[in-house]
Amino acid sequence: MDKILVLDFGGQYDQLIARRVREQHVYAEIRYYDRITVQEIGKEGYLGIIFTGGPNSVYDPAAPHYDPQILELGIPVLGICYGAQLMAYMAGGTVESAENGSEYGKTLLEVLDDRMFPVVPKKSICWMSHTDYISALPEGFRVTAVTGKCPCAAMCNDEKKLYAVQFHPEVTHTEYGRQILRDFLFSVCGCAGDWDTAGYVERMIRKYRAELSGKKVLLALSGGVDSSVAALLLHKAIGQDLVCVFVDHGLLRKGEADLVEQTFRETFGVNLIRVNAAERFLSRLVGVSAPERKRKIIGEEFIRVFEEEAAKIGHVHALAQGTIYPDVIESGKGASAVIKSHHNVGGLPDVISFDEIIEPLRDLFKDEVRAAGTALGLPQELVRRQPFPGPGLAVRIIGEVTKEKIAMLQEADAIFREEIGKGQTKNAPDQYFAVLTDTRTVGVMGDARTYGYTAALRAVTTDDFMTAEWTRLPYEVLERASSRITNEVPGISRVVYDISSKPPATVEWE
Ligand code: XMP
């Protein structure tokens, strides 16, 4: 399989670069620069290497550097932004910093050389974000593009197949970015472009069938996209040897637990154990209102239930997990990486002994996981499922969690989702849900005074959930949701819409 290495120097677009390469049906893998040696790179069989951008200046003592031998491996290299400057520096050129030479945003690019840019017109728009620039070229290189402020917006050494661009071809604002990447992948590196998610899924199924047949594999199925796709893939590979444990903590959305059971057990014939543990979770949550305490209790209880079920199964060979590529990249960056530990319910159980951990999706990005789910026949309802926190509705009920409040919230949330579902899919929010606040207010219904709860509706638009905008939902959707919730859900007499963005607010209320 053709492979491209994305050598990560700490840039913010490393994942985007890999995504863009994979969009061209070429497999790309990201490795952090200090986690792979030049010797290892030489042996991996990469057809090309891309140096990513990075936040530093090449002359900073702390700036990421790399063994210049990488330029002598005979593997084509494309340097982007910091990666371009690093290439120049490693090959003997000079990089300078000039405040008045900095460029940010859309910039007019003038191509001087159509050998490096055969499909880019003389003038086009590129996306720049730099202060440093290449001021003197290394020997054997020539300038192939300029901008108003940047005397070397691109350079190359054809003989050694070394290419560098100061701008960001991976960002959509660069008009011909995609073509530039395509040209590097196909004309320079000679990639075949035959990688795709469906083929990947097939290969993984064959691999696991060969390696795991006859061995028991255990998987905690949550109904989320990642664990669902991992379950289905392994089920196709080893059938009944895969045992999925689905812990229903009673804090899922309306109808969801049944949907998961129906889909996996009835539609796909997966060996599924559903544990109805709602009472157990609820009894541990009595009197608890602090959000972090709720999370901790649910995480611990989840592990306990899972361990008890596993003990009943007997010896398991492997534990399977729905880890996906962004999780792998994050942990590969070492101690400084931000790992969202609170986002994984509980972590790994430690009393189940197993010989191996299996992560069938560890090479895939989220949208590729969804594509894999579609290829495996997972219903779109589950493939397109919006993120849902592991602790479930417990963190959407402000204050103490009770059975009555869960029921109220499930109804309100289902109505809101239904009303949004009726609307246009264009500009649909990336996550939307209802929250049951602990504020009660006075209302009137018929001739009687009411004193009911206030539900809050939340809908956000986001790429990565690290930052998010509140979604400008049409008033009609809000109007219908509000009037249906107050009419159809006893106990809720007021509805408000959350217009806070993240930051400073978070997506969830707790
Ligand atoms: P916040 O509230 O941190 O949410 O802005 C960002 C994204 O993470 C989800 N989230 C969680 N997911 N366990 C999870 O599995 C959690 O404890 C948790 N808290 C927040 C949230 O739904 C949003 O998609």
Side-chain angles (χ1 to χ4, degrees), residues 15-16 19-20 22-23 171-173 197 222-229 252-257 259-260 263 322 324 326 340 343 364-390 392-393 395-396 409-436 455-486 488-489 492 495-503 505-509:
Q15 294 197 26
L16 187 60
R19 291 283 309 105
R20 291 280 178 262
R22 290 193 189 183
E23 273 168 22
V171 172
T172 49
H173 306 306
T197 319
S222 69
V225 182
D226 305 341
S227 68
S228 296
V229 175
L252 293 173
R253 290 177 288 198
K254 186 181 175 186
E256 211 157 44
L259 174 71
V260 171
T263 307
I324 69 169
K340 293 172 261 172
H343 285 183
L364 302 184
F365 286 107
K366 191 81 182 187
D367 52 339
E368 292 169 336
V369 172
R370 293 189 204 276
T374 304
L376 286 160
L378 194 69
Q380 288 303 302
E381 242 170 312
L382 288 175
V383 167
R384 305 252 144 256
R385 190 178 188 259
Q386 49 168 314
F388 185 68
L393 300 182
V395 292
R396 293 181 180 168
L409 179 56
Q410 280 178 331
E411 290 305 323
D413 183 69
I415 292 172
F416 185 41
R417 283 189 290 134
E418 212 178 288
E419 290 305 328
I420 287 196
K422 284 182 195 159
Q424 306 253 355
T425 44
K426 208 169 139 240
N427 300 330
D430 297 293
Q431 193 173 5
Y432 48 97
F433 52 87
V435 171
L436 189 69
L457 305 181
R458 179 84 164 132
V460 295
T461 303
T462 173
D463 282 332
D464 55 9
F465 296 93
M466 309 284 274
T467 61
E469 276 281 315
W470 62 275
T471 307
R472 273 61 174 172
L473 285 180
Y475 280 169
E476 305 77 66
V477 172
L478 291 170
E479 154 73 32
R480 274 199 309 269
S482 161
S483 102
R484 280 192 57 197
I485 290 170
T486 44
E488 296 173 30
V489 189
I492 297 182
V495 175
V496 297
Y497 186 51
D498 181 352
I499 55 165
S500 335
S501 288
K502 173 184 179 177
T506 50
V507 175
E508 302 288 346
W509 275 40

key: Minimum heavy-atom distance between Ala257 and Leu252, given as atom pair plus value   = CB-CD1, 3.9 Å

ask   = Considering only heavy atoms from C-beta outward, does the side chain of Val507 approach that of Gln431 to under 4.5 Å?
value = yes

task = Give, for atom CG of Leu457 and atom CZ of Phe416, the distance between the pair rounded to the nearest 0.5 Å.
result = 4.5 Å

task = Output all residues satisfying side chain to side chain donor-acceptor pair (under 3.5 Å) with Trp509, sequence neighbours left out; order by chain, then residue number.
result = Asp498

message = List the residues meeting salt bridge (Lys or Arg N to Asp or Glu O under 4.0 Å) with Glu419, not counting sequence neighbours, and say none if there are none.
response = Lys422, Arg480, Arg484

Counterpart residues, salt bridge (Lys or Arg N to Asp or Glu O under 4.0 Å), relative to Arg370 (two or more places apart) = none

inquiry  = My understanding is that only residues two or more places apart in sequence, or in another chain, count here; which of them pass ring pair (Phe, Tyr, Trp, His ring centres under 6.0 Å) with Phe365?
reply    = Tyr325

ask   = Hey, are the side chains of Arg385 and Leu378 touching, using non-hydrogen atoms and a 4.5 Å cut-off?
value = no

Qualifying salt bridge (Lys or Arg N to Asp or Glu O under 4.0 Å) pairs, either residue in residues 465-476, two or more places apart = Glu469-Arg472

key: Glu418, Glu411, Gln410 screened by side chain to side chain donor-acceptor pair (under 3.5 Å) with Lys254, the one that passes   = Glu411

Min side-chain heavy-atom separation Thr197-Arg22 under 4.5 Å = no

note = Residues at least two apart in sequence or cross-chain that pass salt bridge (Lys or Arg N to Asp or Glu O under 4.0 Å) with Asp226, listed by chain then number, are Lys366

message = Ring of Phe433, cation from Arg417 - is the NZ or CZ under 6.0 Å from the centre and inside 45° of the axis?
response = no

Close side-chain approach of Thr471 to Tyr497, heavy-atom, < 4.5 Å = yes

query = Do Glu508 and Arg458 meet the salt-bridge criterion of a basic N to acidic O distance under 4.0 Å?
reply = no

4.5 Å side-chain heavy-atom contact, Leu436 and Ile492 = yes

key: Nearest heavy-atom neighbours spanning Gly373 and Val229   = CA-CG2, 3.7 Å

